[in-house]
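Let me begin by presenting the structure, written as structure tokens, before commenting on it.
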Amino acid sequence: MTCQYSFAQTIWQGQHHSYRVILSGDLEKYKTDSLSVILPELEINKKVVTTIEGDSISFKNEMYGFSFKGKYNEDKSAISGIFNYYAIPNASIVLKKETAIQPIYFAQHPKKPYPYQVIDMTFLGKSTKLTYGATLTIPNGKKKYPLAILISGTGQHDRNYTFMGRESFTVLADNLARQGIASLRVDDRGIGKTTGDFKASTTGDFADDVDAQICYLKSDKNIDASYIGLIGHSEGGIIASIVSSRNKNVKFMISMSGVGVSGLEMLDLQNTAILKSFKFSDKVVNKQMEMYNIMFKAVYDAKPTDSIKPILTVKLKDWLQQQDSATIKEIHMADGRDRDFLYRYSNDAERKWYRYTIHYNPQDYLPKITIPVLAINGDKDIQVPAKENLDSFKKYLKSKDVTTKIYPGLNHMYQHCTLCTAAEIKDLDEVFAPEVLDDVSKWILSRYKE
């Protein structure tokens with residue numbers, strides 16, 4: 001979703017982590033209520049009461065509860081101060097004078113001119129009949145190079161794998177190209193310039209998309225597609241595993257926080273780790289997981305044609321009747337919250353995608369993979385816990401060249417984290433840990449030379 005804003009003569013723009021703060025209006029000619037504050041990521045555009053005294057400036061909107069106090073710099077090209085809002089508390093912000101709204105920016109995002117070729121394109125998938133919007137990045141001055149297809153994780157993402165303004169795949173493609181490695185990054189179904197129905201698609205369909213992308217690369221005479229590999233993150237690691245097990249054109253595979261265990265085991269590991277990140281007691285975690293695993297197993301056992309909500313309703317009711325009222329309160333299932341949970345979970349579980357992923361079994365794919373594999377994780381990853389998933393890759397892969405590595409201090413998105421919760425991701429300005437970027441490039445190049 002994009003928001004359209006119209007501006008007066010001038011805007012003043014700053015950024016705090018994932019949020020832009022924009023003051024719109026002419027400060028030289030302002031009237032007390034003539035200026036607006038825009039928070040694009042929060043879809044807020046409201047008038048403010050402004051006060052200017054000498055080099056000090058303040059503005060506020062009491063109804064929405066945000067305020068700013070700051071001072072001009074010497075040449076009045078910037079205003080430094082503190083912005084306060086419940087989503088952005090006590091934020092140190094520098095508002096710089098701009099002539100147009102600027103995109104959200106992080107220091108690792110590459111800046112033009114690039115020392116490599118960037119080609120935006122669309123192409124037709126012969127097998128899927130979908131149109132794909134993509135960006136091909138090719139190192140300068142090379143006719144031969146390794147070529148990696150970048151595969152994003154769960155959810156609908158653009159080709160840059162943008163999350164709260166951070167473009168993980170833009171940063172990865174930049175690093176690869178600087179080391180002499182080409183890459184293709186592609187919009188997911190139904191976003192950007194790629195056609196198709198994302199909501200009706202499964203992980204298996206996304207694997208078909210990657211096969212179609214490989215077919216296109218092999219058919220384009222201007223692209224060196226002799227050494228194609230896959231780099232998949234999270235669910236992208238499942239997709240990479242499926243494609244690598246069956247497509248002989250794939251020469252290497254990198255799984256970044258990829259799922260190496262079964263769908264059922266993954267749900268257990270993931271939800272346990274997330275609950276523990278909220279600092280719940282062991283009793284609460286164990287009781288919640290007892291309930292969750294009953295629900296997960298009910299979905300797993302259901303026939304593809306079964307409507308899942310009636311089944312889950314019975315399972316949840318039976319379980320709750322066996323619990324005392326104190327336990328039900330402790331696990332946040334009192335006061336109608338059980339109905340909210342049932343509504344949300346049954347909606348998820350009805351999706352073809354969910355039914356597919358819960359039945360994912362790595363033994364169907366990993367033993368068929370014989371190419372070099374690099375499987376990595378951050379040790380603070382709570383979405384795809386590192387040890388169990390990497391152990392499974394090591395157990396089932398039949399390749400003679402398997403490298404695994406766990407990175408200390410990194411979360412699911414390969415950021416150095418402090419709290420290491422899912423909520424903290426948006427508050428970290430790092431896009432991609434440099435040590436991971438370096439290791440990925442070195443690993444690919446060492447196999448390419450061999």
Side-chain angles (χ1 to χ4, degrees), residues 121-136 147-161 169 182-220 223 225-260 262-263 266 304-305 348 350-371 373 384 396-397:
M121 59 170 66
T122 56
F123 58 89
L124 183 67
K126 284 185 180 177
S127 54
T128 62
K129 307 304 180 192
L130 297 180
T131 298
Y132 296 96
T135 297
L136 182 68
L147 172 56
I149 295 175
L150 313 184
I151 312 166
S152 61
T154 300
Q156 189 181 36
H157 300 284
D158 66 16
R159 67 190 72 181
N160 300 324
Y161 204 0
F169 279 178
S183 65
L184 182 77
R185 56 191 197 269
V186 186
D187 294 326
D188 285 347
R189 291 184 178 205
I191 194 171
K193 294 193 173 177
T194 297
T195 59
D197 185 346
F198 181 84
K199 286 185 178 178
S201 302
T202 68
T203 307
D205 296 321
F206 305 143
D208 293 341
D209 291 338
V210 175
D211 279 325
Q213 291 156 24
I214 293 170
C215 183
Y216 163 71
L217 291 170
K218 297 290 287 185
S219 71
D220 190 321
I223 298 170
S226 58
Y227 197 78
I228 293 176
L230 307 178
I231 304 178
H233 177 254
S234 196
E235 184 188 351
I238 295 181
I239 296 165
S241 297
I242 294 170
V243 177
S244 297
S245 74
R246 69 191 189 195
N247 193 317
K248 301 304 179 192
N249 292 302
V250 180
K251 301 294 194 294
F252 66 88
M253 173 183 132
I254 299 178
S255 169
M256 306 181 72
S257 303
V259 177
S262 71
M266 186 64 239
T305 53
D348 275 346
E350 289 287 8
R351 292 175 58 201
K352 281 172 63 183
W353 173 85
Y354 192 94
R355 302 280 187 103
Y356 185 101
T357 53
I358 204 169
H359 286 100
Y360 176 73
N361 186 346
Q363 295 180 64
D364 294 338
Y365 305 102
L366 298 186
K368 299 173 185 173
I369 297 173
T370 56
I371 55 174
V373 175
V384 181
Y396 293 120
L397 282 167

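All values below come from the heavy atoms of this structure, side chains included, with hydrogens, waters and symmetry mates left out. Positions are given from 1 along the sequence.
Taken from CG in Leu124 to OG1 in Thr195, the straight-line distance is 8.0 Å, to the nearest 0.5 Å. To the nearest 0.5 Å, the span separating CG on Leu184 from CD1 on Ile223 amounts to 7.5 Å. Interatomic distance, Asp220 CG to Cys215 SG, rounded to the nearest 0.5 Å: 11.5 Å. Atoms OG and CD1, from Ser244 and Ile254 in turn, are 10.5 Å apart once rounded to the nearest 0.5 Å. In this structure, OG in Ser152 is found 10.0 Å from NE2 in His233, a value given to the nearest 0.5 Å. Atom CG of Asn247 sits about 8.0 Å away from atom CG of Leu230, to the nearest 0.5 Å.
The shortest distance between side-chain heavy atoms of Met256 and Ile231 falls below 4.5 Å. Here the side chains of Val250 and Val210 are not in contact, with every heavy-atom distance at 4.5 Å or above. The closest side-chain heavy-atom distance from Tyr396 to Ser241 is not below 4.5 Å. Side-chain contact between Val186 and Asp209 is absent, with no heavy-atom pair separated by less than 4.5 Å. Considering only heavy atoms from C-beta on, Glu235 comes within 4.5 Å of Phe206 through its side chain. In this structure the side chain of Asp211 reaches within 4.5 angstrom of the side chain of Arg246, judged on heavy atoms. Looking only at side-chain heavy atoms (C-beta outward), Phe198 and Trp353 stay at 4.5 Å or farther from each other. Contact annotation: the side chain of Ile214 approaches that of Val243 to within less than 4.5 Å [non-hydrogen atoms, C-beta and beyond].
When only modelled atom types and interatomic distance are considered, Asp158 and Asn160 share no side-chain donor-acceptor pair under 3.5 Å.
Taking both residues in full, the closest heavy atoms of Gly125 and Ala212 are given as CA-CB, 4.0 Å, listed atom of the first, atom of the second, then distance. Between Gly153 and Ser234 the shortest heavy-atom distance is CA-CB, 4.1 Å. Taking all atoms of both residues into account, the shortest heavy-atom contact from Gly133 to Arg159 is C-NH2, 3.4 Å. Residues Pro304 and Arg355 come closest through the heavy atom pair O-NH1, 3.5 Å. Contact record, Asp188 with Gly155: OD2-O, 3.3 Å, taken as the closest heavy-atom pair. Of all non-hydrogen atoms in Met253 and Ile369, the two that sit nearest each other are SD-CD1, 4.0 Å.
With sequence neighbours left out, the side chain to side chain donor-acceptor pair (under 3.5 Å) criterion links Gln156 to no other residue.
At distances below 3.5 Å, not a single donor-acceptor pair connects side-chain atoms of Thr203 with backbone N or O atoms of Thr357. Between the Ser262 side chain and the Asn361 main chain, no donor and acceptor come within less than 3.5 Å of each other. No donor-acceptor pair under 3.5 Å is formed between the side chain of Ser255 and the backbone N or O of Gly237.
More than 12 heavy atoms of other residues, nucleotides or ligands sit less than 6.0 Å from atom NZ of Lys218. More than 12 heavy-atom neighbours from other residues, nucleotides or ligands sit within 6.0 angstrom of NZ on Lys251.
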Could you please spell out the steps behind the side chain to side chain contact (heavy atoms under 4.5 Å, CB included) verdict for Tyr161 and Leu150? CA-CA 9 Å; Tyr161 204 0; Leu150 313 184; over 6 Å; no
Report the C-alpha separation of Phe252 and Tyr227 in whole Å, then their side-chain angles, then the decisive distance to 0.1 Å, and conclude whether the ring-ring contact (aromatic ring centres under 6.0 Å, His included) test is met. CA-CA 8 Å; Phe252 66 88; Tyr227 197 78; 5.5 Å; yes
Hey, mind stepping through Val384 and Met266 against side chain to side chain contact (heavy atoms under 4.5 Å, CB included) and telling me if it holds? CA-CA 7 Å; Val384 181; Met266 186 64 239; 4.2 Å; yes
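Under a 4.0 Å N-O distance rule, the pair Asp205/Lys199 does not qualify as a salt bridge.
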